[in-house]
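Every heavy atom of this structure was used, including side-chain atoms; hydrogens, water molecules and symmetry mates were not. Atoms within each ligand, like the ligands themselves, are counted from 1 in listed order.
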Amino acid sequence: MNRPTDIIRLLLLSLLVGVLSISHGAMADEDPAPADPSLLPVFEQFGGKQGLDELMEVFMIKLVEDSRTIEYFAEADQKHVKAMLSEQFCVILGGPCTYTGKSMREAHEKLTINQATFNALVEALQLAMDERNIPFRAQNKLLAKLAPMHREIVTEP
Ligand code: HEM
């Protein structure tokens with residue numbers, strides 16, 4: 001048995017343990033866990049204004065793919081509707097935007113929309129939000145704000 005070597009090993013080992021515990025402590029202070037997206041403000045969970053613009057692209061594709069809604073959007077100025085929806089959702093979600101479009105009553109009064117058609121549009125939006133990986137609770141916050149709008153939009157029994 002080589003005693004001096006054992007003592008040097010012991011010293012090195014305790015030094016290593018000390019360094020590891022200090023660095024671990026520092027890491028714990030700085031960044032305990034990866035950021036949880038569901039803790040971000042709801043507007044950020046949608047990816048900000050850019051994320052909303054991208055969501056509208058997917059949303060419009062869903063709307064024209066659905067036989068219940070295509071007739072409404074086929075003849076519409078889709079680019080304009082997407083831009084207005086993005087502004088409107090930005091405002092609803094607390095983002096730094098101004099809505100420059102028409103009121104919901106004015107935009108839809110000539111379109112003869114019933115509750116089933118309204119629900120079809122909400123389903124298309126849910127599919128789009130899923131595809132964009134928007135957290136479930138953030139989706140629900142937006143949907144809860146849209147639901148009362150049926151009073152201005154649905155005009156048919
Ligand atoms: C919560 C539900 C809805 C919201 C938030 C919404 C929002 C909007 C917005 C912001 C615009 C643009 C207004 C403007 O031109 O200034 C618009 C237009 C339009 N919406 Fe909706 N909408 C909803 C439901 C629906 C439904 C259920 C339909 C039919 C399926 C529909 C069909 C249309 C069409 C066709 C236009 C374009 C009208 C035109 O060409 O003037 N919307 N909507």
Open item on the list: For atom 32 (C) of ligand 1, what's the nearest protein heavy-atom neighbour? Residue, atom name and distance, please.
Closed with: Phe73 CZ, 3.3 Å
- [ ] Could you tell me whether atom 10 (C) of ligand 1 has at least one protein heavy atom nearer than 4.0 Å?
- [x] yes
Task: Distance (rounded to the nearest 0.5 Å) between Cys90 SG and Asp53 CG - done: 9.0 Å
Task: Nearest-0.5 Å distance, CZ of residue Phe73 to CG of residue Leu111 - done: 8.0 Å
Open item on the list: Heavy atom to atom 40 (O) of ligand 1, shortest distance: which of Ala74, Ala76, Pro148, Ala147 holds it?
Closed with: Ala76
Open item on the list: Give me the nearest non-hydrogen protein atom to atom 37 (C) of ligand 1 as residue plus atom name, then the distance to 0.1 Å.
Closed with: Val81 CG2, 3.6 Å
Open item on the list: I need the contact type for His150 against ligand 1. Using non-hydrogen atoms and a strict under-4.0 Å cut-off, is it side chain, backbone, both or neither?
Closed with: neither
Open item on the list: Glu106 vs Glu152, test: side chain to side chain contact (heavy atoms under 4.5 Å, CB included). Steps then yes/no.
Closed with: CA-CA 9 Å; Glu106 199 187 347; Glu152 282 80 50; over 6 Å; no
Open item on the list: Quick test: of every protein heavy atom, which one is nearest to atom 28 (C) of ligand 1, and how far off is it to 0.1 Å?
Closed with: Ile113 CD1, 3.4 Å
TODO: Apply side chain to side chain contact (heavy atoms under 4.5 Å, CB included) to Met60 and Val81, showing your working.
DONE: CA-CA 9 Å; Met60 190 55 75; Val81 176; 4.0 Å; yes
Open item on the list: I need the contact type for Leu111 against ligand 1. Using non-hydrogen atoms and a strict under-4.0 Å cut-off, is it side chain, backbone, both or neither?
Closed with: side chain
Open item on the list: Which residue is it: Ile61, Val64, Leu63? I am looking for the one with a side-chain contact (heavy atoms from CB on, under 4.5 Å) to Gln78.
Closed with: Val64
TODO: List the atom of Pro96, the atom of Phe43, and the distance in Å for their closest heavy-atom pair.
DONE: CD-CE2, 3.5 Å
TODO: With heavy atoms of Gly101 as the reference, note each atom of ligand 1 found under 4.0 Å away.
DONE: 16 (O)
Task: Proximity to ligand 1 by part of Lys102, non-hydrogen separation under 4.0 Å - done: both
TODO: Give the atoms of ligand 1, by number and element, whose distance to some non-hydrogen atom of Met149 is under 4.0 Å.
DONE: 5 (C)
- [ ] Give the residue and atom name of whichever protein heavy atom lies nearest to atom 25 (C) of ligand 1, and the separation in Å to one decimal.
- [x] Leu121 CD1, 3.5 Å
TODO: For ligand 1, indicate whether the residue Arg68 contacts it via side chain, backbone, both or neither (heavy-atom separation under 4.0 Å).
DONE: neither
Open item on the list: Minimum heavy-atom separation for Pro157 and Asn114, please, with both atom names.
Closed with: O-CB, 3.5 Å
Open item on the list: Give me the residue, atom name and distance of the protein heavy atom closest to atom 39 (C) of ligand 1.
Closed with: Ala107 O, 4.8 Å
TODO: Run the numbers for me: atoms of ligand 1, each under 4.0 Å from some heavy atom of Thr69, listed by number.
DONE: 30 (C)
Task: Any Met104 heavy atom less than 4.0 Å from ligand 1 - done: yes
Open item on the list: Counting non-hydrogen protein atoms only, what is the nearest one to atom 35 (C) of ligand 1? Give residue, atom name and distance.
Closed with: Tyr72 O, 3.1 Å
TODO: With rounding to the nearest 0.5 Å, note down the distance linking CD1 in Ile153 to NE2 in His150.
DONE: 9.5 Å
Open item on the list: Minimum distance, heavy atoms only, to atom 7 (C) of ligand 1: which one of Leu85, Ile70, Asp77 is it?
Closed with: Leu85
- [ ] Would you tell me which option among Phe118, Tyr99, Phe89 has the nearest heavy-atom contact to atom 13 (C) of ligand 1?
- [x] Tyr99
Open item on the list: Out of Gln88, His108, Glu71, Gln78, who is nearest to atom 21 (Fe) of ligand 1 when you count heavy atoms only?
Closed with: His108
Open item on the list: Phe59 vs Lys82, test: side chain to side chain contact (heavy atoms under 4.5 Å, CB included). Steps then yes/no.
Closed with: CA-CA 9 Å; Phe59 183 28; Lys82 284 186 283 189; over 6 Å; no
Open item on the list: Quick one, Leu125 and Leu143 - any side-chain contact, counting heavy atoms below 4.5 Å?
Closed with: yes
- [ ] State, without any angle test, whether Asn119 and Glu123 hold a side-chain donor-acceptor pair at a distance under 3.5 Å.
- [x] no
TODO: Among all protein heavy atoms, pick the one closest to atom 3 (C) of ligand 1 and tell me residue, atom and distance.
DONE: Ile153 CD1, 3.4 Å
Task: ligand 1 to His80 polar contact by distance, N or O atoms, under 3.5 Å - done: yes
Task: Lys145 versus Lys141, closest heavy-atom pair with distance - done: CG-O, 3.2 Å
Task: For atom 12 (C) of ligand 1, closest protein heavy-atom neighbour - done: Met84 CB, 3.6 Å
Task: Distance filter under 4.0 Å to Thr117 heavy atoms, resulting ligand 1 atoms - done: 27 (C), 30 (C)
Open item on the list: Any donor-acceptor pair under 3.5 Å linking the side-chain atoms of Thr100 with those of Glu87?
Closed with: yes
Open item on the list: I need the Gln45 CD to Arg132 CZ distance, nearest 0.5 Å.
Closed with: 13.5 Å
